[in-house]
Amino acid sequence: MSPSSEMRIRRSVRDLQTDYGNGNKQPLEDLVRAWKGIKELPATDKRSFMVLGGYHGEPFQYRRQVDALSTVDRYTYWGGYCNHGNVLFPTWHRVYVFKLEEALQSIVPGVTMPYWDETSEETLQRGIPWILTQEKFKLDGKMIDNPLRSFVLPEALSDYLPGDNKVWEKPKGYETVRYPLSGLVGTPEARAATNAHNHKFRRPKENVKLLNENIMAWLRGSSPTPSDPNPMQKGVYWQYQECLRAPNYTVFSNTTSAGQWNLDHPGTVTPLEQPHNDIHLAVGGFDVPGQGESGQIADANGDMGENNTAAMDPIFFFHHCNVDRMFWLWQKQNGFTEKFEIIQGYYGTSSSDSQGPTPGIAPGTPLGLDTPLNPFLKDEFGTIYTSRDCVDIEKQLGYTYAPGSMEEAPERMTADSGRSNRKLTVRGIDRALFQGSFVLRAFAKVKNVNSEITEYYLGHHSVLSRRNAIMCANCLTHLEVIAHFPLSIMPANEVDQAEYRVEIQHRGSELPAKFSYTVEVSD
Ligand SMILES: [Cu+2]
């Protein structure tokens with residue numbers, strides 16, 4: 001399939017930077033101009049960044065109706081349109097980026113949304129492209145605040161429902177933050193703690209350095225050198241590579257379906273949503289797991305780390321453009337560019353799974369290729385996009401991707417001889433116990449005949465969640481976290497005698513009293 005002349009090509013944002021350095025300033029300037037434009041549009045304009053960024057989480061839809069909801073509904077209510085932990089995750093976000101691109105094009109005709117190539121050599125070595133992090137940019141001869149670095153809210157975000165913690169509220173004029181900064185400012189106490197925390201990180205250039213180091217560490221997992229992603233070490237790089245091998249759309253698409261698939265089948269599959277979660281947490285304030293306590297920055301609390309505010313940070317769309325590219329690569333490498341199916345009735349195909357129903361979709365609704373991807377209009381007659389409308393990005397949406405990393409289907413990694421090919425299943429962790437996102441890390445401890453103890457780090461599993469705790473009032477929702485860890489780092493003969501343990505890194509200071517989990521080794 002060769003792109004037609006009208007096909008819009010989405011390029012790596014680093015290529016635009018290179019052009020800029022080589023004197024072709026226009027592509028990058030056009031991008032910045034378009035972003036500046038949508039951010040300056042009033043919040044009454046549907047093309048404004050406030051409206052578009054607000055579709056994902058807050059401001060919640062139907063907020064005025066919330067007071068009329070029953071107590072049960074208030075607790076299960078999620079007022080954002082985004083889909084996570086279900087089969088609409090890749091397609092909903094595909095149309096989301098497409099709609100943002102349309103808005104950019106209304107400011108600068110023909111501009112396309114570039115992707116942050118998260119698994120490129122440059123990102124492994126240097127972190128985030130500078131255009132997404134530097135403070136200023138020279139546009140048309142004038143120094144301006146770089147519009148890709150943050151967003152200043154033109155309206156307050158204060159959708160927290162009765163019983164929730166006001167600590168998460170964001171006032172008008174709040175500017176989004178990333179690791180290592182904190183953005184908790186909803187109460188006087190939180191604001192004081194945040195000011196004290198942020199006071200330790202006053203130098204923007206230093207902060208960018210810390211952020212980039214954190215991103216690189218997440219990409220590599222626990223591998224020591226940046227040039228060696230060490231795919232057996234479970235970093236984000238490894239996870240992206242793994243997801244390209246997922247055998248069908250259902251398990252490729254989301255964490256709920258993949259978690260169940262791994263219970264039902266030998267081996268492990270990694271869904272696209274999993275490394276996607278990691279990048280959210282890495283930018284949003286979580287240290288890379290598995291690095292011990294060194295470098296730990298407690299209380300970092302950025303906006304990308306929870307679904308409520310993630311899309312208010314412009315980097316969200318560069319991240320999701322890359323997630324969409326990975327989706328397309330999976331389609332190309334596995335023969336699904338024109339068509340794929342959803343396994344009906346499987347875990348992850350109910351609107352109540354994981355995050356819960358979105359506005360306009362009733363609890364327990366089966367999700368499929370024809371489910372409306374609210375609120376995205378396909379035409380002026382009020383038709384809403386469905387997943388079926390966005391399977392083939394070239395033929396149906398008119399764009400494609402310039403080549404980037406992971407263009408070639410990765411080779412299947414096999415465990416070294418003598419190493420285990422089994423897996424550890426951790427389950428029974430209730431998401432509702434936690435305020436916000438969290439990360440599980442799994443460890444195995446083995447004592448040999450001489451009573452020497454070896455501890456293996458098995459990997460991490462990040463859960464991208466929402467800030468107000470989810471209450472499972474009527475248990476329509478699957479709130480259990482199911483995580484799988486290949487045991488390929490362990491000698492096969494040590495697996496049965498090992499002791500397994502899970503650590504949780506979360507936003508609170510203490511583990512919830514009711515916290516518990518089970519572990520099991522299987523094929
Ligand atoms: Cu996301």
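Heads up: numbering here begins at 1 and tracks the sequence. All ligand and atom numbering here is 1-based and tracks the order in the structure. All of these numbers come straight from a predicted model, not from anything done at the bench. The basis for the numbers below is simple: all heavy atoms, side chains too, and nothing from hydrogens, waters or symmetry mates.
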Engineer: Relative to the ring of Phe340, is the ring of Phe327 parallel (under 30°), tilted (30 to 60°) or perpendicular (over 60°)?
Structural biologist: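 Ring orientation of Phe327 relative to Phe340: tilted.
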Engineer: Could you check, using the six-membered ring where one of them is a Trp, whether Phe49 and Trp35 have ring centers closer than 6.0 angstrom?
Structural biologist: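 Distance test on ring centres: under 6.0 Å, yes.
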Engineer: Verify whether the ring centers belonging to His280 and His84 lie closer than 6.0 Å.
Structural biologist: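 Here the rings of His84 and His280 have centres that are no less than 6.0 Å from each other.
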Engineer: If the threshold is 4.0 Å, N to carboxylate O, is there a salt bridge linking Asp145 and Lys36?
Structural biologist: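 Looking at Asp145 and Lys36, the cut-off is not met.
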Engineer: Mind listing the protein N/O/S atoms less than 2.8 Å away from the Cu ion (ligand 1)? Waters don't count.
Structural biologist: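 Short answer, with waters excluded from the count: His276 NE2, His280 NE2, His320 NE2.
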Engineer: Does Arg10 pair with Asp324 as a salt bridge, N-O distance under 4.0 Å?
Structural biologist: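 Between Asp324 and Arg10 there is a salt bridge, with a charged N closer than 4.0 Å to a carboxylate O.
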Engineer: Would you say the ring centers of Tyr249 and Phe336 fall short of 6.0 Å from each other?
Structural biologist: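 No, the ring centres sit 6.0 Å or more apart.
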